[in-house]
2 protein chains.
Amino acid sequence: MIKIFHSEFLIISNIFNYSKITKLFFDLDKKEDILKTALDLFVKSGFHATPTSKIAKEAGMANGTLFHYFKTKEELIIALYTEHQNCFTAFIHTNTISDESLKHMFHSFFSSSINWINDNKSAFQFMQQFTLSPFYQFISKEYINKQDSLLVELLQKGIEEEILKKLPLELLRTLINSHIIGINSYLSTQDMSAEHSNMIIHQSFSLLWDMISL
Amino acid sequence: MIKIFHSEFLIISNIFNYSKITKLFFDLDKKEDILKTALDLFVKSGFHATPTSKIAKEAGMANGTLFHYFKTKEELIIALYTEHQNCFTAFIHTNTISDESLKHMFHSFFSSSINWINDNKSAFQFMQQFTLSPFYQFISKEYINKQDSLLVELLQKGIEEEILKKLPLELLRTLINSHIIGINSYLSTQDMSAEHSNMIIHQSFSLLWDMISL
DNA sequence: GTCTATACGTTGATAGAC
DNA sequence: GTCTATCAACGTATAGAC
């Protein structure tokens with residue numbers, strides 16, 4: 001990856017670190033090479049069925065070099081999770097437009113979530129695998145709550161303003177997240193045009209809104 | 001496990017094979033010992049982080065004995081998945097009551113799903129892990145569709161009778177399944193009385209119905 | 001059917017030269 | 001920082017006695 005186009009540049013720089021944009025035109029950091037390769041292999045074969053030796057090899061470096069950047073395999077797996085989770089959250093925060101209408105804000109929150117997931121399918125699948133794995137217990141409650149803080153804020157406002165049904169915050173939060181996962185699962189298995197896909201996303205938001213709004 | 005109580009008996013006989021009920025009062029089949037132990041360990045540590053030697057040991061048998069019942073570890077994992085998936089489907093089929101009202105049928109379908117999942121938390125978590133893993137590709141499309149046939153039938157009827165919104169069947173199916181997973185996730189993380197839990201299940205069905213019905 | 005013993009490959013991680 | 005060489009431990013699966 002020596003040269004990349006503008007559109008790819010935006011996506012990739014989004015996944016990784018904005019401060020390292022300039023390096024992208026020449027070479028990614030070794031650390032990022034590892035993370036990128038590990039993601040592909042983990043999604044293809046699972047954490048434990050993917051040896052560190054294979055990651056290093058496919059990332060074009062020696063076995064020992066990988067352990068220079070990550071002390072253990074576990075550290076690598078957890079770093080990979082937080083890397084993408086942070087990216088996901090950052091994307092949603094910058095793409096959820098502020099608006100007088102709460103419904104519009106929910107809509108843009110919803111669309112940006114779906115869009116990120118769609119542009120980062122592997123990352124999202126890995127994050128789901130991770131969430132169900134024993135590694136997840138090493139992620140603090142505080143971190144998890146922080147990631148969902150924007151959604152919780154919106155929900156709180158919605159309930160206060162009597163736009164949303166008066167239900168436990170946690171329940172609403174969980175149902176919305178499940179809904180988003182479901183839409184993603186549908187969009188991934190069906191083979192459709194971008195246009196049709198957008199229509200489904202729009203429809204799905206209406207469904208979600210019918211469910212949670214008064 | 002020499003003697004078990006009636007309630008446990010019902011749950012366990014439900015998980016495994018009805019034709020082997022009589023054996024339960026003395027000893028489970030070795031094969032079922034393996035499956036039961038493997039489930040616990042897989043949920044605790046994941047497929048690959050759980051060695052077959054540990055499964056055999058905890059199931060109270062020699063390493064070689066395990067391989068007498070399952071030729072490979074992969075075969076064991078896949079058998080474990082279908083075992084529980086079959087049980088889940090069977091439970092829903094017998095517990096979804098026939099009724100003139102489609103809404104009532106949906107409600108009982110929904111409740112039985114939630115109830116089974118709640119009584120078989122480990123099994124369900126394993127099934128989700130499995131679904132996201134590379135092993136899932138070994139499960140045929142036909143098998144998957146067959147498992148969801150009751151829901152699809154209900155949905156078809158609902159759309160024909162203009163009770164449900166006219167949306168792609170697959171989309172509805174996926175959204176309902178995600179909703180159920182979400183409710184389960186909420187019920188699992190919160191600590192509540194059976195009474196309160198039932199109330200949430202009831203409310204959640206209303207939400208689902210608001211979403212999919214006209 | 002069940003056990004013991006073991007073959008044989010693989011893996012995570014380290015040491016030390018460059 | 002990166003590589004090569006290496007190791008000790010482990011994991012799947014088999015062979016063969018009982």
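In what follows, chains carry the letters A, B, and so on, assigned in the order in which the sequence lines appear, proteins first and then strands, with residues in each chain numbered from 1.
- Phosphate proximity of D/dT2 to A/His68: absent, as no side-chain N or O sits under 4.0 Å from OP1 or OP2.
- Mapping B/Gly60 and A/Thr52 onto DNA chain C via the closest heavy atom, the residue that lands nearer the 5' end is B/Gly60.
- Rounded to whole angstrom, the span from the CZ atom of B/Phe67 across to the P atom of D/dG11 amounts to 12 Å.
- Note on B/Tyr69: only backbone sugar-phosphate atoms sit closer than 4.0 angstrom, heavy atoms only; bases stay farther off.
- Minimum heavy-atom separation, B/Leu39 to B/Ser122: CD1-O, 3.8 Å.
- No more than 12 heavy atoms of other residues, nucleotides or ligands sit less than 6.0 Å from atom NZ of A/Lys157.
- Between A/Lys71 and the phosphate of C/dA13, there is no side-chain N or O to OP1/OP2 separation shorter than 4.0 Å.
- The distance from atom CD1 of B/Ile34 to atom P of C/dG1 is 11 Å, rounded to the nearest whole Å.
- Nucleotide D/dG11 holds its P atom 11 Å from the CD1 atom of B/Ile55, rounded to whole Å.
- Distance CG (A/Asp33) to P (D/dG1): 14 Å, rounded to an integer number of Å.
- Enclosure of atom CD in A/Gln137 by more than 12 non-hydrogen atoms of other residues, nucleotides or ligands within 6.0 angstrom is indicated.
- Separating the CD atom of A/Glu75 from the P atom of C/dG12 is a distance of 15 Å, rounded to the nearest angstrom.
- If A/Ser53 and B/Ala62 are placed on DNA chain C by their nearest nucleotide, the residue sitting closer to the 5' end is B/Ala62.
- Remark: P of D/dG11 and CG of B/Leu76 are 15 Å apart, rounded to the nearest angstrom.
- You'll find the ring centres of A/Phe205 and A/Phe109 outside the 6.0 Å limit.
- In terms of phosphate contacts, A/Thr65 brings a side-chain nitrogen or oxygen within less than 4.0 Å of OP1 or OP2 of D/dC3.
- A donor and an acceptor atom, one from each side chain of A/Gln147 and A/Thr89, are located under 3.5 Å apart.
- For C/dT11, the OP1/OP2 oxygens have no side-chain nitrogen or oxygen of A/Lys73 closer than 4.0 Å.
- The side chain of B/Met61 has C/dC3 as its nearest neighbour among C/dA13, C/dC3, D/dT12.
- Computed from coordinates, the B/Ile77 CD1 to D/dA13 P distance equals 10 Å when rounded to whole Å.
- Rounded to a whole Å, the CZ atom of B/Phe70 is 13 Å from the P atom of C/dG1.
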